[in-house]
Each structure stands twice: as structure tokens, then as C-alpha cells.
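Written below as C-alpha cells is the structure these notes are about.
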Amino acid sequence: MAKPVSIEVWNPNGKYRVVSTKPMPGTRWINLLVEQDCRVEICTQKKTILSVEDIIALIGDKCDGVIGQLTEDWGETLFSALSRAGGKAFSNMAVGYNNVDVNAANKYGVAVGNTPGVLTETTAELAASLSVAAARRIVEADEFMRAGLYDGWLPNLFVGNLLKGQTVGVIGAGRIGSAYARMMVEGFKMNLIYYDLYQSTRLEKFVTAYGEFLKANGEKPVTWKRAASMDEVLREADVISLHPILDKTTYHLVNKESLLQMKKEAILINCSRGPVIDEVALVEHLKQNPMFRVGLDVFEDEPYMKPGLADLKNAIVVPHIASASKWTREGMATLAALNVLGKIKGYPIWSDPNRVEPFLNENSSPPAASPSIVNAKVLGLPVSKL
């Protein structure tokens, strides 16, 4: 059995044993657990992704709760091991939990936490950053400079796309998609077309109000349209950002056929889930359309890329860093720790997992509640009245 080679221990005499499979940003999450009599063990093994065997060794014979990562395979084997060790709480340090078999957790009575409400703006900011970087060919130009190839200004050197007055398309206008849309509309005066199963009234009102503001100041107003289909967005938008959930209906949502519907010089951004795009089809499309550009934060077979993608100049690829702002990552660590702590202490579940500000205020104690437990109803856990 694989055994972690390095463990960092805080409050060794604590009553409750909480394990973190990775070091996480900040120390507030550790302090909050220690203050509630938890012994905190952090795996510092120099291994990017822990195996199931590694995590079983971490859990050991007695463990009250685990904070894990979205790269880990939390299924029957791990929840069975956690249950045998007396554990009743697990939390991903992530908003997504595609790596978690929630039914297996239910079987063993283990609460599954996640960390929504803290990633919205930082994820939207990265999507906006990739949009600008792709439009203005910033990564290509940076590589050109570092290679010592610049020997003077030229009229056609790295000519990209102007965003002002163009159309930004959003597939999935939830919290992150709407935040991204607002940034692109207000920041670059782009028109908006979006597709979502549900009407985004707040987003529509925002764009309408901003358009009226521009008109009142003598500028051309921005516009919005809710598309009747995703295909309509693909055909009309100059920049398209994907923000759907990942399920059977959105797997390979963008494929060979849908790519062909997009404009030849369109920009495609994905900071949602890798399998939303058929990456093999995308590589081929990029090869055949050199002015088509893409910005990717997630990949179909993460951490790997499909063959050929890394060689393409019209692809910007970054290693799943959409949530990687200091404030957000420390907040995610805090929320994950409080999910586990709440179950250990028998706290109720916070009523709105997207309103997490009270948990993140460092000048006051967090509410006596678990911020977000995805299987709370199945386990019959009470909801906080705070």
C-alpha cells in the first residue's frame, strides 16, 4: 500500500482528526479547525495527484473528516474507508464535484461539501483575460519578443481583433457567465447574445441600463439578445465563452459540426469543464483555420492535452487557474474546512451556499453552519435559520 512520505501536523492533541490531502493557501482554515479542537494533518507528499491507495493510507484507522481535491477519485472505495475510520464529512476544495460519487457517499452517510459563491468573479476575470489575450495575440507576441525576433515596428505585425462594438456570446448565463458578460459589455462596449435554459433578467437589465447610459453620453448603446438556440450564438458571436455545467447533455457540446458554424475569426473560451469541448475536433479546426483562436483553462483529459494542441499558435492554454486568485483560493480552503467542521460539530447547513460572505470575514467568527453540503437533503441534515 502506498504511504505518504510527509505529513504536517497542527494541534497534535486535538480531539477531532481532520486530514487535508494537499496543502492549501492561507492559514485561516487551519486556525478555524484548531480553535474547534481539531488535529489537522496535511499531506505534503510531492505528488500532484494522490492515488486512492495514498488517500486510504492518509485516512488511517480514525479520521473524522477529509478535505480533498477535484483531481482525486472519491468513490465507493474511499467513502468506505472513511466510514470505517468513523468519518462523516468530506469536502472538495472546489465548486465542482464531478470527481465524487455522491451516491456512494450517501450509502455511507458521509456529507459531501463543495465551495460555491467564492469563485464567480475570479473565474470570470480569467475568461475575460483569455478573451483579450486571444483577440490581441498577446501570448504569440510575448514569445516573439523573448525569442529575440523583434527588429522593428511593422504594419502587419501581430494584428489581432478589436473587441469594441463586436458581439460577445455566452453559453450558460449563470453566476460566472453573467459576470463575464458584464465585464465584456461594460469593459469593451460589446453587444451581448446569450443562450441559457433560463432567462437572465438581471443580466438583461444591466446591459439595458448600460446601453441607456452610453446613449445619454452621446455614444452608441450596447444591445443584448437571448438566443433561441446555442447555434444562434455560435453563428452570430465574435467571442464565445462557455459556462455550462457538465452532464450528459453538455458532453462535447462544442464538436466538429458546431465549430463549423462559428465565424472564421471567432474566439472560443472555455473556463468551465474540459469535456464540454471535443478537443480532437478543436485541434483539427484550429489547424484548418489559423485566424480562429481559442483560450482554454480546462481540458478533456486533464491534465493532458490532445495531441497537437500545444503546438498551435492560435491556442492559449493555461493549467486550470480560473480560481487562482489569492482571495478566492484562501476562501475556498476556508469554506472546505468549515464544511467538514460543521458536520463534525453537528451544525446545520447554511441556507444559501452562494452567499458565503459571513464565512469569509476575517474580523469575526464564522456562522455555526456548514457553508455548502450537496447531499444535505438526502442525509436529512437540518438547515440553519441564521
Side-chain angles (χ1 to χ4, degrees), residues 123-143 156-173 176-195 222-225 227 230-244 253-274 276-279 281-300 305-306 308-318 321-322:
T123 303
E125 284 182 4
L126 185 77
S129 300
L130 289 173
S131 301
V132 177
R136 298 305 302 271
R137 303 175 66 179
I138 291 173
V139 174
E140 290 178 78
D142 178 86
E143 292 176 350
N156 292 314
L157 188 62
F158 294 110
V159 173
N161 297 355
L162 178 70
L163 294 177
K164 181 182 178 182
Q166 301 299 300
T167 298
V168 60
V170 174
I171 309 294
I176 296 172
S178 291
Y180 167 81
R182 291 193 302 269
M183 291 176 188
M184 302 305 289
V185 169
E186 187 175 17
F188 300 99
K189 299 174 184 174
M190 299 185 77
N191 299 310
L192 170 68
I193 180 170
Y194 79 93
Y195 175 71
V222 292
T223 63
W224 64 266
K225 178 168 74 170
M230 186 185 81
D231 291 347
E232 189 177 353
V233 177
L234 298 179
R235 290 192 299 267
E236 296 186 17
D238 301 287
V239 181
I240 298 168
S241 191
L242 305 174
H243 300 280
L253 188 68
V254 174
N255 50 37
K256 180 180 179 180
E257 291 72 26
S258 53
L259 286 165
L260 290 173
Q261 295 189 59
M262 298 175 66
K263 296 179 180 180
K264 291 291 185 181
E265 295 189 10
I267 294 169
L268 178 65
I269 305 297
N270 188 17
C271 292
S272 60
R273 295 290 184 270
V276 168
I277 296 178
D278 180 344
E279 209 167 289
L282 177 63
V283 169
E284 189 60 32
H285 190 78
L286 288 165
K287 289 179 179 178
Q288 295 178 5
N289 298 274
M291 294 310 294
F292 183 95
R293 293 190 282 277
V294 66
L296 302 176
D297 180 54
V298 289
F299 306 91
E300 188 171 353
M305 293 185 285
K306 294 296 186 183
L309 182 59
D311 302 323
L312 296 167
K313 296 292 186 182
N314 50 342
I316 298 173
V317 290
V318 295
I321 58 170

Just jot down the side chain to side chain donor-acceptor pair (under 3.5 Å) partners of [X], sequence neighbours excluded, or say none.
X: Asn255; answer: Ser258
X: Ser241; answer: His243
X: Asp238; answer: Lys263
X: Asn314; answer: none

Grab the two heavy atoms, one from [X] and one from [Y], that are nearest each other, plus how far apart they are.
X: Phe292; Y: Leu282; answer: CE2-CD1, 4.3 Å
X: Met190; Y: Val239; answer: CE-CG2, 4.0 Å
X: Ala181; Y: Leu192; answer: CB-CD1, 4.0 Å
X: Pro244; Y: Leu253; answer: CG-CD2, 4.2 Å
X: Glu279; Y: Phe299; answer: OE1-CA, 3.4 Å

- prompt: Does a side-chain heavy-atom distance below 4.5 Å link Asp278 with Leu259?
  reply: no

task: May I ask you to test the Lys256-Glu284 pair for a side-chain heavy-atom distance under 4.5 Å?
output: no

Interatomic distance, [X] atom [atom1] to [Y] atom [atom2] [nearest 0.5 angstrom]:
X: Ile176; Y: Thr123; atom1: CD1; atom2: OG1; result: 4.5 Å
X: Met262; Y: His285; atom1: CE; atom2: NE2; result: 6.5 Å
X: Glu300; Y: Leu309; atom1: CD; atom2: CG; result: 11.0 Å
X: Lys306; Y: Ile277; atom1: NZ; atom2: CD1; result: 12.5 Å

- prompt: side-chain contact (heavy atoms from CB on, under 4.5 Å) with Ile193: which of Val233, Thr223, Ile240?
  reply: Val233

task: Look at the side chain of Asn289 and the backbone N and O of Lys264, then say whether any donor-acceptor pair between them is shorter than 3.5 Å.
output: no

message: Between Asn270 (side chain only) and Arg273 (backbone N and O only), is there a donor and an acceptor less than 3.5 Å apart?
response: yes

Return a table of donor-acceptor pairs under 3.5 angstrom between the side chains of residues 126-136 and protein atoms on other chains or two or more places apart.
| residue | atom | partner | partner atom | Å |
| --- | --- | --- | --- | --- |
| Ser129 | OG | Glu125 | O | 2.8 |
| Ser131 | OG | Ala127 | O | 2.8 |
| Ser131 | OG | Tyr180 | OH | 2.8 |

For residues 156-172, tabulate all N or O donor-acceptor pairs below 3.5 Å that involve a side-chain atom, not counting sequence neighbours.
| residue | atom | partner | partner atom | Å |
| --- | --- | --- | --- | --- |
| Asn161 | OD1 | Arg293 | NH2 | 3.3 |
| Asn161 | ND2 | Glu265 | O | 3.3 |

